[in-house]
Protein chains: 4
Amino acid sequence: MTQLRADARRNRERILAAAEAVFAERGASASTEEVAARAGVAIGTVFRHFPTKNDLLGAIVKALLHRLTEEAARQAGAGAPETALFSFFTHVVEEAAARRTVAALLSGGGVDVRVDKPLTQLEEPVGTLLRRAQEAGAVRADVRPDEVMALLAAASQAALLGGWTPDLRDRTLRIVFEGLGARG
Amino acid sequence: MTQLRADARRNRERILAAAEAVFAERGASASTEEVAARAGVAIGTVFRHFPTKNDLLGAIVKALLHRLTEEAARQAGAGAPETALFSFFTHVVEEAAARRTVAALLSGGGVDVRVDKPLTQLEEPVGTLLRRAQEAGAVRADVRPDEVMALLAAASQAALLGGWTPDLRDRTLRIVFEGLGARG
Amino acid sequence: MTQLRADARRNRERILAAAEAVFAERGASASTEEVAARAGVAIGTVFRHFPTKNDLLGAIVKALLHRLTEEAARQAGAGAPETALFSFFTHVVEEAAARRTVAALLSGGGVDVRVDKPLTQLEEPVGTLLRRAQEAGAVRADVRPDEVMALLAAASQAALLGGWTPDLRDRTLRIVFEGLGARG
Amino acid sequence: MTQLRADARRNRERILAAAEAVFAERGASASTEEVAARAGVAIGTVFRHFPTKNDLLGAIVKALLHRLTEEAARQAGAGAPETALFSFFTHVVEEAAARRTVAALLSGGGVDVRVDKPLTQLEEPVGTLLRRAQEAGAVRADVRPDEVMALLAAASQAALLGGWTPDLRDRTLRIVFEGLGARG
DNA sequence: TATGAATGAGCTTTCATTCAT
DNA sequence: TATGAATGAAAGCTCATTCAT
């Protein structure tokens, strides 16, 4: 990939940020024009950077995925094995509550965002977190990564619910964690 | 409202069925025209029955809600208190796997489908199921209806995931049920 | 023309009256459905009597024309020669103020209402009124029927103006009558 | 508002001209699609410039009003006081004969074209013309601006009549002018 | 004959995408 | 490279007209 000119990269990032905000607020059916306006660029500039609306959606998902993967790695490296998975879980749900995109990503897209199996990418670090939690006896031995991924997607979606509050989040996650827990 | 003419009612139902199918396949952004085609009627007929696309979406959601509420009541009446809630839970998730609409409904709509707080309607029978399960000692006493609703929405969404299989569903739900369980 | 059944004729007249009212209020672009509703019949009945929307418009115009022609004849027979033309003139403008249709008719239709030169029909009795007024010395000798018709159409249109009041009508017509007048 | 790009302004004007022509021929119910075709642009371009069909109609009326107001001012500045009002009057009627829009404007619109009381704008320069004519003794002292406006609207409408010819126009206007005249 | 549901062409409007400036 | 005007394919919706009941 050629090195972008400094102003071009700056634009790219502003567009991405604007898109994230707009799609978070209005859903993926928001218009590209609105993204351009929010980014303070002309519509043509958006399409120069992202030839298709789907490319734009895809880039958002990819960026998000990158952040989540990093966070998972961070927890895997730094957190206590017994709690790292739960911390990551909570982190994802919090993000989802803030940005609709998280839920969209985890639920497979809704829109036709196929970033080459985005979830597969995330599944690896999650698997690591899971293994450690199991080794530490914090999670039942028979739980498999795909169940955790499913629960992750599920909880993210719940975060979009009408009456979602920090309190409801805590109580709901407690049930999930309890279900995952080695004992009870 | 006068009794609809026989052919009118027939059409109304065909349109509703077609819409359910089309929106399940293509999501709520599918075109009304396609619904008409699938139902084998002209576009004007769709609009005579449902003056707005949103009315059509709303009617689907309402019908679905009706089915779910009935099912909840059936379980409350017939099922064993210890398992009725879980059975209903599983039923909802199965429906969700078959029809994208279930997840859409439970997650608040996406589209502007405000069937007078659809979830509130469902919350009542679910609350009954929950209370009985708790009285039978099958579910922890401190679980509240809103958590169950959140988990319901969550699990329905998970059912839309890529690799969702009956096996994955069973394992995922087992975790949730375990988390809800009185013991653990 | 076959004799209509009593109820059929009753319907025909109710539709005509409703149409006159609706088109007067909403203009000729009002929907046929609204006419049917106002008449208290189904849409099919309207089309049975008037196969085309234009036929309906035409029938209204024809009825109106009939009324105006009768009024002209009445004035020609009963009124004083010096004032009969002016009385008729005022009468037409008053009708126009009440029913938009009059103006539409006199201005040629706007819509494609070609009732075989409707104005020609009216021109004859107007011509009579004019001739008598001229013979009585109330109108200049060089005025011709087509000018009177034009002024009639013109004044009818003015009656649709925003600030049209009886006072404004009187002052405006006075100018026209003055202009027509033998002396001044 | 930024200066429009050259091609954009060119298009805007072509659209306006096309619209004027199309609506003049077919009336205000002509389709926007036809306007686009006549202007040689795509339908989207029309709606970029005039977001609504009504905006398009409004723009035409506004342009026309501008022209008429200018003409009135020109007559007020340049013409002989005794004839300026009559010249303007004739000018308006001539325009009306050429463009159906004039009559539509003067008669209040028909469509929902509310260019902030368009007639009020025109009433001022007309009032000036009237006052001068009265001061010059060419028009009776008791004539008021609203009557002149009404006659203007009236005569414009008459210009749309079937058999309207320059000859008929002259004879009709002569009657109106005679009616307005100081003497007779 | 009356009914009113069905038809379907056509309308206004939106928006992802292209391309001249 | 950025701009934003132009494109044109839908989309949702309306309504004169037809036709089964």
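Protein chains get the first letters and strands the later ones, always in sequence-line order, with residue 1 at the start of each.
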> Closest approach of C:E20 and C:I60, non-hydrogen atoms and distance?
Replying inline: N-CD1, 3.7 Å

> 5'-most contact on DNA chain E: D:D7 or D:K53, nearest heavy atom basis?
Replying inline: D:K53

> Which residue, D:R10 or A:I43, contacts DNA chain E at a nucleotide closer to its 5' end, judged by nearest heavy atom?
Replying inline: A:I43

Closest to side chain of [X], choosing from [options]:
X: A:N11; options: E:dT13, F:dA2, E:dA16; answer: F:dA2
X: B:V41; options: F:dT3, E:dT7, E:dA16; answer: E:dT7
X: A:H49; options: F:dG12, F:dA2, F:dA16; answer: F:dA2
X: D:R48; options: F:dA16, E:dT12, F:dA6; answer: F:dA6
X: B:T45; options: F:dA5, F:dG12, E:dT7; answer: E:dT7

>> Does B:R67, at its CZ atom, have more than 12 non-hydrogen atoms belonging to other residues, nucleotides or ligands within less than 6.0 Å?
In response: yes

> Taking any strand in view, what nucleotide pairs with E:dT21 in a Watson-Crick or G-U wobble way, both distances under 3.5 Å?
Replying inline: F:dA2

> Using purine N1 to pyrimidine N3 plus N6-O4 or O6-N4 for Watson-Crick, or N1-O2 and O6-N3 for G-U wobble, each under 3.5 Å, what pairs with F:dA9?
Replying inline: E:dT14

Can you tell me the distance, in whole Å, between the [atom1] atom of [X] and the [atom2] atom of [N]?
X: A:N54; N: E:dT17; atom1: CG; atom2: P; result: 8 Å
X: C:L57; N: F:dA16; atom1: CG; atom2: P; result: 10 Å
X: B:R9; N: F:dA20; atom1: CZ; atom2: C1'; result: 17 Å
X: D:E34; N: E:dA9; atom1: CD; atom2: C1'; result: 16 Å
X: D:F50; N: F:dA5; atom1: CZ; atom2: P; result: 13 Å
X: D:E33; N: E:dA9; atom1: CD; atom2: P; result: 15 Å
X: A:L56; N: E:dT17; atom1: CG; atom2: C1'; result: 14 Å
X: C:D55; N: F:dA16; atom1: CG; atom2: P; result: 13 Å

>> Taking any heavy-atom pair under 4.0 Å as a contact, classify B:T32: base, sugar-phosphate, or nothing.
In response: sugar-phosphate

> Base, sugar-phosphate alone, or nothing: which one does D:S31 contact when heavy atoms must sit under 4.0 Å apart?
Replying inline: sugar-phosphate

With a 4.5 Å heavy-atom cut-off, do [X] and [Y] have their side chains touching?
X: D:R48; Y: D:N11; value: no
X: C:V35; Y: C:F23; value: yes
X: A:R10; Y: A:D7; value: yes

> Hey, which of these two, B:G44 or A:A42, hits DNA chain F nearer its 5' end, going by closest nucleotide?
Replying inline: A:A42

>> Using modelled atom types and a 3.5 Å cut-off, is there a donor and acceptor pairing between side-chain atoms of A:K53 and backbone atoms of A:S31?
In response: no

> Any side-chain N or O of D:T52 under 4.0 Å from OP1/OP2 of E:dT12?
Replying inline: no

